[in-house]
Enquirer: 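Quick one: the structure is below, and I'll ask about it shortly.
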Protein chains: 2
Amino acid sequence: MKVLVIEDDPLHRSYLSEAVRAALPECLHVIEAENGLVGERLARENKFAHVVMDLQMNARNGIEAARTIWKERPDTRILFWSNYADEAYVRGVSRIVPPGAAYGYVLKSASDDRLKLALRSIFIESQCVIDREVRGLQQRSLGNSNGLTDSEYEILVDIALGLTDRAIATRRNLSLRSVQNRLQRLYEKLEVYYPAGAAEEDNRFNLRARAVSIALLRKLLNYSALERAEAELSEWLASH
Amino acid sequence: MKVLVIEDDPLHRSYLSEAVRAALPECLHVIEAENGLVGERLARENKFAHVVMDLQMNARNGIEAARTIWKERPDTRILFWSNYADEAYVRGVSRIVPPGAAYGYVLKSASDDRLKLALRSIFIESQCVIDREVRGLQQRSLGNSNGLTDSEYEILVDIALGLTDRAIATRRNLSLRSVQNRLQRLYEKLEVYYPAGAAEEDNRFNLRARAVSIALLRKLLNYSALERAEAELSEWLASH
DNA sequence: ATATAATTTGCGGGTTCCCGCAAGACATGG
DNA sequence: CCATGTCTTGCGGGAACCCGCAAATTATAT
């Protein structure tokens, strides 16, 4: 068995390699990559079936790397090892995992044992291992209670990118009014209207901008999500 | 000499303590804190004059911690050891450093030697040591060339928080038109208008929202800056 | 002190946003 | 089949945004 470790922090990288070697004595080779780009290349050249990677990396973000790896070999088993359980990350991962693939999401704050157990479960038993905290987010985002639906999340990203209603309408093939309709529901979900005990008559807030602000503060959005969305947008803009 | 180390990642924390001990043999005690809150408390109780800390921490962000530490003892020497040189961080630090205080800003990607040299320069020689990359940002943000002035940055933060023009006007003691004036200049600086070779007639972008988006992508703003601004805002809202 | 530049403010208007109302489209289930 | 619920679309209008123009104020420099 060979395992590819993709992580840009040197300390974390060596810790992770050590953990892999300890948890998987049957693992003969542990190869390290210091960012997503190198990771993608190594995965392609050496046909790794087992990968463990960070999500937040400078050169190329973990979600991007995972997407291309999975696109080329959908049966690759990937364990995400991240500092954060931002909903933006969790959504990003859920969006790209191929049907039936085995993957895992473990927080860096987890204990040594949890990490090693996860490594064995995923790479040996082909089982999905999702950190409890992360699991909670997934559930909540499915069950409507205070979680955004896909269409609401989509339009949230669109206004965060700075698109006008009209631009969103043409991009998503909707009428102008539908876009505004979805925005209304987004504003309700995000509780933009009366920010927890404020005055009633004066709207201090620009709803559109406030929605983005709240989403960022609640970590429904983060830098990496914006970055990906921006890339998709410029792609779409190019094809008019 | 006693040194206080504030860093929430265990691996980085022990690495940092080790570096301090190696660079400063005259240092008798190295005390560790695992987040900003604990760090503040220890600094207050033990009257540390030498602190090295991370900026991005969960419980309480490094900038907040540094502000309260400096407020209580302005002669404290603080070395910031951060993963990122986001302009948002650099601005945040510049804003709180007391006049004449010795401080440093070193990136985690710097070599062992650079870190140790910085530790000695600041703690022994009382000299400021700013990473070259960070220094570059500071210069650029002072020299107007493509950098935002303080008032432009201020209004950027205000629209990122989701305030209306009117709300900004009352908060900053300006007329409505002045607010919009500043916004115009902000939009010019951020190049919101014609995004590098797009169509001429159709404005796909909502300028206000796009400005925030661009600022986030360029790291003029980040989560921690937003968080601080939000705290200040709710304080101001309370006092009407 | 006077010229020059940069900010601030008011006015007016075109555009976009925000949304109530109401009618159609679509699915799900009895 | 109809009932019910969710989603979409059009219309219309009030509010907010964006900004050109021009006068007044303030800063900066020579």
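These numbers were taken from a predicted model, which means no experiment stands behind them. Throughout, protein chains are lettered first and strands after them, A, B, ... in sequence-line order, and every chain is numbered starting at 1.
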Enquirer: Please pick, from C:dT8, C:dG20, D:dC17, the nucleotide with the shortest atom-to-atom distance to any side-chain atom of A:Gln184.
Expert: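 Looking only at side-chain atoms, A:Gln184 lies closest to C:dG20.
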
Enquirer: If you draw the axis of the six-membered ring of B:Tyr103, does the NZ or CZ of B:Arg77 fall within 45° of it and under 6.0 Å from the ring centre?
Expert: no

Enquirer: CG of B:Asn222 to CZ of B:Arg228: how many Å apart, nearest 0.5 Å?
Expert: 7.5 Å

Enquirer: To the nearest Å, how far apart are B:Phe205 CZ and C:dC17 P?
Expert: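 Computing the B:Phe205:CZ to C:dC17:P distance gives 13 Å.
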
Enquirer: A:Glu154 has an atom CD; how far is it from atom P of D:dT8, in whole Å?
Expert: 10 Å

Enquirer: Relative to each other, are the rings of B:Tyr105 and B:Phe80 parallel, tilted or perpendicular (30° and 60° limits)?
Expert: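 Geometry flag for B:Phe80 against B:Tyr105: tilted rings.
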
Enquirer: Looking only at the side chain of A:Leu207 (C-beta and beyond, no hydrogens), which of the listed nucleotides C:dT16, C:dC18, D:dC17 gets closest?
Expert: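 Looking only at heavy atoms from C-beta outward on A:Leu207, the closest nucleotide is C:dC18.
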
Enquirer: Can you tell me whether the side chain of A:Gln180 and the base of C:dC19 have a donor-acceptor pair closer than 3.5 Å?
Expert: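 Indeed there is one.
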
Enquirer: Please give, in whole Å, the distance from D:dA15 P to A:Arg210 CZ?
Expert: 23 Å

Enquirer: Given C:dT7, C:dT9, C:dT16, which nucleotide is nearest the side-chain atoms of B:Ser175?
Expert: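 Of the options given, the side chain of B:Ser175 lies nearest C:dT9.
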
Enquirer: By nearest atom, which of the nucleotides C:dC18, D:dC18, D:dT8 is closest to the A:Leu183 side chain?
Expert: C:dC18

Enquirer: Ignoring backbone atoms, establish whether A:Tyr187 has a side-chain N or O less than 4.0 Å from OP1 or OP2 of C:dC17.
Expert: no

Enquirer: Heavy atoms under 4.0 Å, any strand shown: does B:Leu174 hit a base, just sugar-phosphate, or nothing?
Expert: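 If one applies the 4.0 Å heavy-atom cut-off, B:Leu174 turns out to touch the sugar-phosphate alone, with no base involved.
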
Enquirer: Side chains of B:Ser224 and B:Asn61: do they bring a donor and an acceptor to under 3.5 Å?
Expert: yes

Enquirer: May I have the distance from A:Leu186 (atom CG) to C:dC18 (atom P), rounded to whole angstrom?
Expert: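 Rounding to the nearest Å, CG of A:Leu186 and P of C:dC18 are 11 Å apart.
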
Enquirer: Output the rounded distance in Å from CG (A:Leu176) to P (D:dG12).
Expert: 15 Å

Enquirer: Please step through side chain to side chain contact (heavy atoms under 4.5 Å, CB included) for the pair A:Tyr187 and A:Arg208, ending with a clear verdict.
Expert: CA-CA 8 Å; A:Tyr187 297 154; A:Arg208 168 178 296 242; 3.6 Å; yes

Enquirer: Select base, sugar-phosphate, or nothing to describe what B:Asp165 touches, counting heavy atoms under 4.0 Å on all strands.
Expert: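 Touches sugar-phosphate only.
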
Enquirer: Please check the phosphate of C:dT7 (OP1 and OP2 only) for any side-chain N or O of B:Arg182 closer than 4.0 Å.
Expert: no

Enquirer: Among D:dT8, C:dC18, D:dC19, which nucleotide sits nearest the side chain of A:Asn206?
Expert: C:dC18

Enquirer: OP1, OP2 of C:dT9 versus side-chain N and O of B:Ser178: anything below 4.0 Å?
Expert: yes

Enquirer: To the nearest Å, how far apart are B:Asn173 CG and D:dT25 C1'?
Expert: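 Taking CG of B:Asn173 and C1' of D:dT25, I get 17 Å after rounding.
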
Enquirer: Within this structure, what is the CZ-to-P distance between A:Arg204 and D:dA15, rounded to whole angstrom?
Expert: 18 Å

Enquirer: Rounded to whole angstrom units, what separation is found between the CD1 atom of B:Ile155 and the P atom of D:dC17?
Expert: 11 Å

Enquirer: Counting only heavy atoms from other residues, nucleotides and ligands, does the tally under 6.0 Å from CD of A:Glu72 exceed 12?
Expert: yes

Enquirer: Which of these nucleotides, C:dC19, D:dC17, C:dT16, is closest to any side-chain atom of B:Arg208?
Expert: D:dC17

Enquirer: Does B:Arg177 contact C:dG12 through a side-chain donor or acceptor facing the base, at a distance under 3.5 Å?
Expert: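 No such pair is found, so the answer is no.
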
